[in-house]
Amino acid sequence: MAATVGPESIWLWIGTIGMTLGTLYFVGRGRGVRDRKMQEFYIITIFITTIAAAMYFAMATGFGVTEVMVGDEALTIYWARYADWLFTTPLLLLDLSLLAGANRNTIATLIGLDVFMIGTGAIAALSSTPGTRIAWWAISTGALLALLYVLVGTLSENARNRAPEVASLFGRLRNLVIALWFLYPVVWILGTEGTFGILPLYWETAAFMVLDLSAKVGFGVILLQSRSVLERVATPT
Ligand code: RET
């Protein structure tokens, strides 16, 4: 069932513009980078904001939204968020993993947990009883905790074997991820999805927009800011 986009569309348009500007900025920064290893970071990060710009545009124009009946209440659910996160969160983790020099098993574990988290989060959003919504939310949050555990455990250990400036950049980005990613399930449960009606759709949409811009454009700006650090990743000494 289609649903119409309400006054929260202002935030969705700001999200669309922000992600587009982020994409253009990263494309500009990536020009002239010849080293293949360094290019990986630019390619991944450009895809992250490109996908998000497209999904924000889909939400702003009413394509990425549906209605879910929970009891006799109709919830407006922006499903395009999950389509966005399904691809962009693994790409963010890939950026971090390449920086840390993780092996394939660690990368697969992180991305597996992440896809499981977003998949079960989508089920939570589309479920039709408050009880099952909360249960899937809890399952998804469990996956987030496991993911962050790998991030502070194995991945941080890998990063310690890198050059000091690489390790320090990894540390900054890892802390940003921990701080921001924790807030997603909080906004979700307080927002319309949680059905407690604490945060109205208008403010929930604003909160997700700020989180998404920080977690994608903010993350990318910090990562791609310093070519010399990325050069150290490309040619370790
Ligand atoms: C959901 C709801 C269910 C519980 C959990 C969630 C976690 C979502 C996260 C999203 C991260 C998104 C990012 C986007 C890109 O910028 C699905 C909201 C745990 C962690 C970083």
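As the structure lists them, so they are numbered: ligands from 1, and atoms in each ligand from 1.
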Requested in this report: Have a look at W85, Y184, W137 and point out the one with the heavy atom closest to atom 17 (C) of ligand 1.
Outcome: W85

Requested in this report: List the steps and the verdict of side chain to side chain donor-acceptor pair (under 3.5 Å) for Y56 and D212.
Outcome: CA-CA 10 Å; Y56 262 93; D212 282 343; 2.8 Å; yes

**Report entry** Minimum-distance protein heavy atom relative to atom 6 (C) of ligand 1
**Finding:** S140 OG, 3.9 Å

Requested in this report: Using side-chain contact (heavy atoms from CB on, under 4.5 Å) as the criterion, point out the one residue from I118, V65, L86, T205 that pairs with R81.
Outcome: T205

Report summary line: When distances are taken from atom 15 (C) of ligand 1, the protein heavy atom at minimum range is K216 NZ, 2.7 Å

Query - Y184 ring center within less than 6.0 Å of W85 ring center - result: yes

Report task. For the pair R133 and E193, find out whether any cationic side-chain nitrogen is under 4.0 Å from an anionic carboxylate oxygen. Result -> no

Report task. Could you tell me the residue and atom name of the protein heavy atom closest to atom 21 (C) of ligand 1, and the distance to it rounded to 0.1 Å? Result -> W181 NE1, 3.1 Å

**Report entry** Backbone of Y42 reached by a side-chain donor or acceptor of T45 within 3.5 Å
**Finding:** no

Report task. Taking only Lys NZ, Arg NE, NH1 and NH2, and the carboxylate oxygens of Asp or Glu, determine whether D35 and R227 approach each other closer than 4.0 Å. Result -> no

Query raised in the report: Which atoms of ligand 1 are found less than 4.0 Å from any heavy atom of T141?
Result: 4 (C), 19 (C)

Query raised in the report: Which residue holds the protein heavy atom closest to atom 20 (C) of ligand 1, what is that atom called, and what is the gap in Å?
Result: M117 CE, 3.5 Å

Report summary line: Quick note on ligand 1: atoms under 4.0 Å from a heavy atom of D212 include exactly 14 (C), 15 (C), 16 (O)

Query raised in the report: Where does V177 meet ligand 1, judged by heavy-atom distances below 4.0 Å: at the side chain, the backbone, both, or neither?
Result: neither

